[in-house]
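Reckoned from all heavy atoms, side chains included, excluding hydrogens, waters and symmetry mates. Proteins come first, then strands; the chains are lettered A, B, ... in the order of their sequence lines, and each starts at number 1.
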Protein chains: 2
Amino acid sequence: MKKVSIKDVANLAQVSIASVSYVLNKMPNNRISEATTKRILEAAETLNYRPNKIAKSLKTNQSKILGFIVADIANPFFGQIAKILEEEAMQVGYTIIVGSSGENNEKFEKLIDFFIDQQVDGLILAPVENSQESLKKLQKQNFPFIILDRYLENSTANSVRINNFDISKKVIDQFIKTNVKNPLLVTYDSDLLNLVDRNNGFYEGINQSKIKTLQPIKVRTNSINEDVFDGLTKRFSEELKPDAIYFTSNKLAFAGLRFLLKTTYKVPEDVQIIAFDESEAYELFPIEISYVKQPMNEIAIKSLELILDQLNNEDKTNKIINLEAELILKESTR
Amino acid sequence: MKKVSIKDVANLAQVSIASVSYVLNKMPNNRISEATTKRILEAAETLNYRPNKIAKSLKTNQSKILGFIVADIANPFFGQIAKILEEEAMQVGYTIIVGSSGENNEKFEKLIDFFIDQQVDGLILAPVENSQESLKKLQKQNFPFIILDRYLENSTANSVRINNFDISKKVIDQFIKTNVKNPLLVTYDSDLLNLVDRNNGFYEGINQSKIKTLQPIKVRTNSINEDVFDGLTKRFSEELKPDAIYFTSNKLAFAGLRFLLKTTYKVPEDVQIIAFDESEAYELFPIEISYVKQPMNEIAIKSLELILDQLNNEDKTNKIINLEAELILKESTR
DNA sequence: ATGAAAGCGCTAACAC
DNA sequence: GTGTTAGCGCTTTCAT
């Protein structure tokens with residue numbers, strides 16, 4: 001089965017390839033007569049002509065492909081975003097290619113290069129630790145990209161984020177409202193500012209109150225389960241035991257809940273829980289988990305909008321889109 | 001920042017673009033002198049030259065892109081496969097684009113067309129119900145594709161699957177071994193043969209034994225949670241209550257476990273459980289779930305191998321790669 | 001209202 | 001050993 005090209009359509013319709021191009025691309029000031037238009041349309045139909053996007057890309061210098069680089073596509077948070085992104089992108093004629101960096105900056109850079117070589121028009125990035133340089137390089141090259149979910153120091157890049165500080169403040173305020181004495185923060189040991197903000201919001205709430213917090217558990221991204229488990233074991237073995245825990249990511253919460261399952265501590269009687277991110281998985285915990293709900297649809301849709309804006313407009317002003325996360329209270333809080 | 005092309009490299013190195021192409025593509029019988037080679041390499045280096053894959057694609061008629069169409073990229077099963085696939089593909093210079101059909105055949109077809117328009121070299125497909133026609137169409141066009149995970153009637157397509165029948169037989173045998181009286185099958189109402197095989201393996205075990213099975217719960221893919229919940233409510237309200245349940249997918253198991261959480265039935269004392277697929281999520285259930293473990297890495301790697309074989313070789317024989325799933329016994333079985 | 005033709009960046013057959 | 005050149009399928013300027 002030989003591929004049918006624009007030439008074949010032109011031949012069948014007895015016109016030039018230019019006319020075929022005009023008609024099929026619905027050019028605005030297309031001065032092709034109705035009769036010819038009809039002939040061309042019919043010819044394309046009978047031959048089942050499908051334009052070659054590669055050829056078009058080469059000519060127009062636009063691949064209509066966007067690269068999406070996440071930490072881990074097997075993480076449902078990113079899977080969900082990817083899904084929405086891909087659907088929305090398709091609506092407007094774009095294709096998404098996804099890559100997983102595995103929280104590794106070298107892989108992150110490699111993926112960026114690979115995608116640029118692939119001639120993506122732009123990139124949607126969830127950066128990893130120490131990726132400032134990679135981002136600066138992109139900026140220097142003037143390559144279109146936006147930052148999603150995570151953000152870094154001094155970043156002047158367009159980005160879509162949530163109100164990490166405020167929502168964390170709300171979390172601790174919720175705890176305080178219920179007379180918590182020893183709240184515990186379980187978070188990452190990371191320079192990613194979204195995480196730092198989550199931590200800071202928590203501390204802001206602590207500072208405004210009269211209570212003290214236990215020393216936080218700060219885990220490394222490459223040993224989440226072990227670090228959470230060890231950390232919690234330690235905290236619960238001490239005099240002042242946590243009576244409320246805030247997990248700043250779904251993976252942390254997951255590890256923490258597994259720990260609690262193996263103990264006799266009761267949620268929320270002995271210890272209250274608030275997790276970050278919605279997760280189907282939480283639903284198998286014996287009681288329903290309170291959590292910070294991120295606006296997944298909005299994150300994906302705004303990200304797409306932002307990168308497309310950047311591709312189409314000359315408006316080079318720095319845009320930061322701040323979306324609102326929501327605290328959903330369930331049975332794991334009092 | 002203007003893009004640097006092969007011409008720029010040729011100019012700087014004072015050679016023709018052909019020579020640049022030869023050197024940079026490491027042509028086997030490359031007769032370029034060492035000195036020239038060095039000059040070209042240096043020029044490419046200084047200019048930070050990155051070949052334009054779009055142009056190369058147009059010329060070679062190979063995009064080095066593979067399309068991967070799954071039911072739902074937010075389902076960790078497919079997320080995991082996608083991740084491995086993407087990593088392996090990148091090693092050999094291929095890019096993966098992923099699409100989610102949402103178990104909808106129209107979306108499935110639309111994605112296929114979209115990806116073909118995008119000039120993918122081949123497709124890796126997890127088909128949906130009623131997608132026989134879409135697959136036949138692809139076959140008629142002689143378009144390279146393989147089937148992953150799921151399979152359909154009369155499919156003569158290359159495919160990678162697991163031993164669905166045998167592993168299900170093992171599941172019921174395990175139940176029978178522990179003197180189960182009223183095993184229950186929770187499965188889909190589907191014409192996908194991988195699911196039919198899972199059902200048949202279960203029945204084969206039943207038939208070889210002296211026990212009877214309860215009437216299975218067959219759910220529709222668009223209302224899993226409700227159907228499982230309603231079905232289980234009904235079964236547990238009857239005289240003969242299930243004392244063992246086999247869920248033929250991770251989503252079914254998930255819904256079923258949520259049901260059990262809300263009841264007072266004890267696992268495994270009152271009812272034993274075996275689920276399909278490994279899932280991090282199961283870990284939040286109070287006891288560990290026995291499950292059928294699919295060889296994710298192998299599935300992804302073999303799929304890639306198979307489609308690449310099909311692209312490179314003339315060997316048009318029909319290949320079915322059968323991989324072994326494994327029954328992992330945990331606390332939810334006796 | 002339509003067509004001729006240049007050219008996007010690259011590969012590869014062929015010439016020298 | 002190295003260069004010339006045709007051409008992949010398309011868009012778009014310019015001519016007519």
Side-chain angles (χ1 to χ4, degrees), chain A residues 1-44 47-65 93 116-121, chain B residues 1-44 47-65 93 116-121:
Chain A
M1 276 242 183
K2 183 88 178 46
K3 278 252 173 101
V4 354
S5 83
I6 196 170
K7 233 185 215 160
D8 303 315
V9 179
N11 281 341
L12 182 57
Q14 302 274 39
V15 294
S16 74
I17 60 166
S19 300
V20 176
S21 179
Y22 288 137
V23 169
L24 264 32
N25 288 305
K26 304 194 180 77
M27 286 313 197
N29 45 356
N30 154 3
R31 301 154 314 186
I32 310 283
S33 75
E34 234 177 84
T36 320
T37 300
K38 193 161 161 258
R39 272 214 322 286
I40 291 173
L41 256 21
E42 280 172 2
L47 295 177
N48 190 25
Y49 170 64
R50 319 257 26 184
N52 182 327
K53 288 198 190 167
I54 296 275
K56 182 170 185 166
S57 292
L58 183 59
K59 181 65 196 176
T60 60
N61 206 23
Q62 275 194 75
S63 65
K64 295 275 184 181
I65 298 178
I116 292 182
D117 286 356
Q118 198 66 252
Q119 308 298 124
V120 296
D121 291 337
Chain B
M1 276 239 184
K2 183 90 180 49
K3 279 250 173 100
V4 353
S5 84
I6 196 171
K7 232 185 216 160
D8 303 316
V9 180
N11 280 340
L12 183 58
Q14 301 275 42
V15 294
S16 72
I17 59 167
S19 301
V20 177
S21 179
Y22 289 137
V23 169
L24 263 31
N25 288 304
K26 303 193 179 75
M27 283 314 196
N29 43 356
N30 157 2
R31 302 155 314 185
I32 309 284
S33 75
E34 232 179 87
T36 320
T37 300
K38 192 160 163 259
R39 267 211 328 285
I40 291 173
L41 256 21
E42 280 173 2
L47 294 177
N48 190 24
Y49 169 65
R50 321 260 22 185
N52 182 327
K53 287 198 190 166
I54 296 274
K56 180 169 187 170
S57 293
L58 183 60
K59 179 68 195 175
T60 60
N61 207 23
Q62 275 195 75
S63 65
K64 296 276 185 179
I65 299 179
I116 292 183
D117 287 356
Q118 197 67 252
Q119 309 298 123
V120 295
D121 291 338

Please state how far atom [atom1] in [X] lies from atom [atom2] in [N], giving the value in whole angstrom units.
{"X": "B/L47", "N": "C/dG9", "atom1": "CG", "atom2": "P", "result": "14 Å"}
{"X": "A/K56", "N": "C/dG7", "atom1": "NZ", "atom2": "C1'", "result": "17 Å"}
{"X": "B/K3", "N": "C/dC10", "atom1": "NZ", "atom2": "C1'", "result": "14 Å"}
{"X": "B/K53", "N": "C/dG9", "atom1": "NZ", "atom2": "P", "result": "17 Å"}
{"X": "B/I32", "N": "C/dC16", "atom1": "CD1", "atom2": "C1'", "result": "14 Å"}
{"X": "A/L58", "N": "C/dG7", "atom1": "CG", "atom2": "P", "result": "14 Å"}
{"X": "A/Y22", "N": "D/dC14", "atom1": "OH", "atom2": "P", "result": "11 Å"}
{"X": "B/I17", "N": "C/dC14", "atom1": "CD1", "atom2": "C1'", "result": "15 Å"}

If only side-chain N and O atoms of [X] are considered, is one of them under 4.0 Å from the OP1 or OP2 phosphate oxygen of [N]?
{"X": "A/S33", "N": "C/dT2", "answer": "yes"}
{"X": "A/N25", "N": "D/dT11", "answer": "yes"}
{"X": "A/T36", "N": "C/dT2", "answer": "yes"}
{"X": "B/T60", "N": "C/dC10", "answer": "no"}

For [X], report the nucleic acid contact type (base, sugar-phosphate, nothing); a contact means any heavy atom under 4.0 Å.
{"X": "B/S57", "value": "nothing"}
{"X": "A/N61", "value": "nothing"}
{"X": "B/K59", "value": "base"}

Given side chains that start at C-beta, do those of [X] and [Y] come closer than 4.5 Å, heavy atoms only?
{"X": "B/S63", "Y": "A/I54", "answer": "yes"}
{"X": "A/I65", "Y": "A/Q119", "answer": "no"}
{"X": "A/L24", "Y": "A/I40", "answer": "yes"}

When you get a sec, tell me which of [options] is the closest nucleotide to the side chain of [X]?
{"X": "A/S5", "options": "D/dC8, D/dC10, C/dG9", "answer": "D/dC10"}
{"X": "A/S16", "options": "C/dT11, C/dG9, C/dA4", "answer": "C/dA4"}
{"X": "A/K7", "options": "D/dG9, C/dC10, D/dC8", "answer": "D/dC8"}
{"X": "A/S21", "options": "C/dA12, C/dC10, D/dT11", "answer": "D/dT11"}
{"X": "A/P51", "options": "D/dC10, D/dT13, C/dC8", "answer": "D/dC10"}

*Test salt bridge (charged side-chain N to carboxylate O under 4.0 Å, His left out) applied to B/D117 and A/K53, step by step*: CA-CA 6 Å; B/D117 287 356; A/K53 288 198 190 167; 5.2 Å; no

_Cationic N near anionic O, under 4.0 Å, A/K38 to A/E42_ = yes

